[in-house]
Asker: 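Quick one: the structure is below, questions incoming.
Nothing fancy with the numbering, it's 1 onward along the sequence.
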Amino acid sequence: MRIGVVGAGILGLAVARRLGEVRPDAEITVLDKEDRVAAHQTGHNSGVAHAGLYYAPGSLKARLCREGIGLLKEYCADRGLPYDECGKVVVARTAAELEPLLEIEKRATANGVPDLRRLTSAELREVEPHARGVAALHSPTTAIVDFPAIARAYARDVTDAGGTVRLGFEVVRISRAGERVAVASRDEELVFDRLVICAGLQSDRVARLAGDGPGPAIIPFRGEYYRLTRPDLVRGLIYPVPDPRYPFLGVHFTRRVDGGVDVGPNAVLALAREGYRRRDVSPRDLKETLAWPGFAALARQHWRTGAKEMYGSLFKRAFVKEARSFVPSLKTSDVVPAPAGVRAQAIDPDGSLVDDFRISRLGPITSVRNAPSPGATSSLAIARYVVAEAFG
C-alpha cells in the first residue's frame, strides 16, 4: 500500500511516524512545499506542552491532549529532548474572575489533570514572586518543550522506518481514479492508495483540492510577542483566565527551553496565511478571507475585541499595560520584539470559531481540517486517532 501525507509539520510527521509503526509493509511518503520540516505553525509556536486545563470534558481536545502529553513526555525522555515541567499558574486578577477560574478548575479536574492546586494571593507569590492576583490555579505538570526539535525527530523516525520526506513538493492538484489518489506538483505526479492531509495553514485549500467541502475555512491570526530582557521576573508560565468566547488564551508569560521568556501573544488578523510580519500581504489570502461568509459574521460579532487587539499591536505601551496587570513590576523598557506566529483559525460559515479538533473523511482521503493548540502537545495522540479512524 502506498500512503501519502501532505504536510511536514508536527502533525503530518506524527501521522507518518504512526503509519510506519502499524503498517510496516506500506510505502509512506510525506510531502511539503517548504525546504524544511516544521516551517510554519510548528516552528513558530510558544513551546508549551499543555496539561488539558481548558477543554470541554469529553471533547477530542480534552481526550487527545491528556493522552498526548503523556506520550510526548515519554518520547522526549526516550530521545533525550528537552521537557521541562516548569508549571503554569492561571491568575484571577479580580474577584470577577474567580467564578471563571473555578470553571477552569472543574474542567481540568474532569479531564484528569494531575496535582492541581488552588492558590491564594500569598501562595501565588510563593510560586511566582513577581505575579499578583486575588487567586490562581497551579498546574505543576504543564511543561515547555522544543517542538521543532520534536518534529525533526519524528521525521527521522519516518525515514528510519523506510518512509520518505519529500520537501519542495507543493501540492497543486489532487484527483481520484476509483480508490487511487493522484497528487501533483507543477512538475510531478505521485499516485497513492490512501492520502492524509495535515496542511495546517493551508488545510482548507488542500482539502478542497481533494473534493472536500468549503468549510470550515482557515482565517489566519498573527500572534505577536515581546521578549523579556529580565527573564528573572518569571519562573514558569503565567496565564490569564481566558475569555470563554474565544479559543485564544490572551496575553501571557511563557518561559522557553532556552531560558528566555516571551510575553504575548495578542491576536490580530494576518493579511497573509504565512504573514509573520505586519508588512506581509498576500492579495490572494486577503481576498479569500474577506470573501468567506463566516468572516463578515465574525467581524460583526467581535469587532470590539478585534479593535482592542489591534490597538495592543500598534502601541507597545498598551501591550505592556495588559501584561503588567499580572506582573506589576514589568516596565516598557523590559521588553523587546520577538518573532511572531500565525494561528490557522478555522471558522464556520456562520462565523463560529471552531474550537475542537475537526477531521473529515472522503473515501481514501482523510483531512485534518482543524487542529490548533493543543495540537502540537497532542500530536502523537492525534496520529493514533487519525490512523485508527482511517486505517482501522
Side-chain angles (χ1 to χ4, degrees), residues 46-48 50 53-54 86-105 107-108 116-139 142 144 221-256 260-268 302-338 340-341 343 373:
S46 64
V48 176
H50 292 281
L53 274 68
Y54 311 102
C86 63
K88 172 197 289 187
V89 288
V90 181
V91 178
R93 292 168 288 185
T94 66
E97 293 182 332
L98 290 175
E99 187 173 343
L101 184 68
L102 178 60
E103 180 60 31
I104 291 172
E105 185 176 8
R107 284 190 171 196
L116 291 170
R117 186 164 66 105
R118 177 71 76 94
L119 305 178
T120 65
S121 181
E123 289 169 335
L124 169 62
R125 290 194 294 274
E126 292 175 6
V127 177
E128 288 286 355
H130 296 278
R132 296 294 181 270
V134 297
L137 183 65
H138 185 212
S139 168
T142 298
I144 52 175
F221 284 87
R222 187 174 60 255
E224 297 172 335
Y225 290 85
Y226 285 93
R227 186 154 292 161
L228 290 188
T229 58
R230 295 176 58 199
D232 58 294
L233 289 175
V234 177
R235 287 179 174 176
L237 308 168
I238 303 174
Y239 276 60
V241 175
D243 187 330
R245 297 175 298 168
Y246 303 105
F248 312 112
L249 295 177
V251 171
H252 48 270
F253 293 79
T254 306
R255 180 161 289 281
R256 310 297 296 252
V261 175
D262 285 354
V263 189
N266 61 350
V268 297
H302 303 295
W303 67 269
R304 288 183 179 84
T305 299
K308 179 183 176 183
E309 293 290 313
M310 182 60 70
Y311 186 76
S313 170
L314 295 174
F315 299 100
K316 180 180 179 180
R317 287 184 180 276
F319 188 103
V320 173
K321 181 181 179 181
E322 179 71 14
R324 192 181 292 127
S325 64
F326 302 99
V327 180
S329 57
L330 181 71
K331 300 175 183 177
T332 304
S333 58
D334 292 334
V335 299
V336 295
R343 177 189 177 105
S373 179

Asker: Taking salt bridge (charged side-chain N to carboxylate O under 4.0 Å, His left out) as the test, write out the residues that go with R227, two or more places apart.
Answerer: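 With neighbours one apart ignored, the set is D262.
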
Asker: How long is the span from the NE2 atom in H50 to the OG atom in S139, to the nearest 0.5 Å?
Answerer: 10.5 Å

Asker: Is a donor on one side and an acceptor on the other found under 3.5 Å between the side chain of S121 and the backbone of G133?
Answerer: yes

Asker: Return yes if some donor-acceptor pair links the side-chain N/O of E105 with the main-chain N/O of L137 below 3.5 Å, else return no.
Answerer: no

Asker: Evaluate side chain to side chain contact (heavy atoms under 4.5 Å, CB included) for F253 paired with L228, printing each intermediate quantity in order.
Answerer: CA-CA 9 Å; F253 293 79; L228 290 188; 4.3 Å; yes

Asker: Identify all side-chain donor-acceptor contacts of residues 95-104 below 3.5 Å with residues at least two apart in sequence or on another chain.
Answerer:
unit_1, atom_1, unit_2, atom_2, d
E97, OE1, R93, N, 2.6
E97, OE2, R93, NH2, 3.2

Asker: Distance from N266 atom CG to F319 atom CZ, nearest 0.5 Å?
Answerer: 5.0 Å

Asker: Please confirm whether the backbone N or O of V335 pairs with a side-chain atom of K316, one donor and one acceptor, at under 3.5 Å?
Answerer: yes

Asker: Once you round to the nearest 0.5 Å, how far does CG of L237 lie from NE2 of H138?
Answerer: 9.0 Å

Asker: What pairs with R222 under salt bridge (charged side-chain N to carboxylate O under 4.0 Å, His left out), at least two apart in sequence or on another chain?
Answerer: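 Partners of R222 by the salt bridge (charged side-chain N to carboxylate O under 4.0 Å, His left out) criterion, ordered by chain and then number, come out as E224.
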
Asker: So, the side chain of T229 versus the backbone of D334: is there a donor-acceptor pair under 3.5 Å, distance only?
Answerer: yes

Asker: Could you report the tightest heavy-atom contact between A323 and V263, atom names first, then the distance?
Answerer: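 Of all heavy-atom pairs spanning A323 and V263, the closest is CB-CG1, 3.7 Å.
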
Asker: Among H130, R132, R230, which residue meets the side-chain contact (heavy atoms from CB on, under 4.5 Å) test with V327?
Answerer: H130

Asker: So do the side chains of V234 and E128 get within less than 4.5 Å of each other, counting heavy atoms only?
Answerer: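 When only atoms from C-beta onward are counted, E128 and V234 do touch, with a gap below 4.5 Å.
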
Asker: Parallel, tilted or perpendicular: which describes the rings of Y239 and H252, with under 30° parallel and over 60° perpendicular?
Answerer: parallel

Asker: May I ask you to decide if P231's main-chain N or O and R255's side chain share a donor-acceptor pair within less than 3.5 Å?
Answerer: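 Indeed, once roles are kept as given, a pair shorter than 3.5 Å links the two residues.
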
Asker: Any chance you could measure L233, atom CG, to S329, atom OG, to the nearest 0.5 Å?
Answerer: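 So the gap between those two atoms works out to 5.0 Å.
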
Asker: For the CG atom of L116 and the CG atom of L53, what is their distance to the nearest 0.5 Å?
Answerer: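 The distance works out to 6.0 Å.
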
Asker: Within the structure provided, determine whether T254 and I238 are in side-chain contact (heavy-atom separation under 4.5 Å).
Answerer: no

Asker: So do P240 and V91 actually touch side chain to side chain, heavy atoms under 4.5 Å?
Answerer: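 Not in contact.
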
Asker: Once rounded to the nearest 0.5 Å, what's the spacing between atom CZ of R235 and atom CD of E126?
Answerer: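 If we round to the nearest 0.5 Å, R235:CZ and E126:CD are 9.5 Å apart.
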
Asker: Do Y225 and S46 have side-chain heavy atoms sitting under 4.5 Å apart?
Answerer: yes

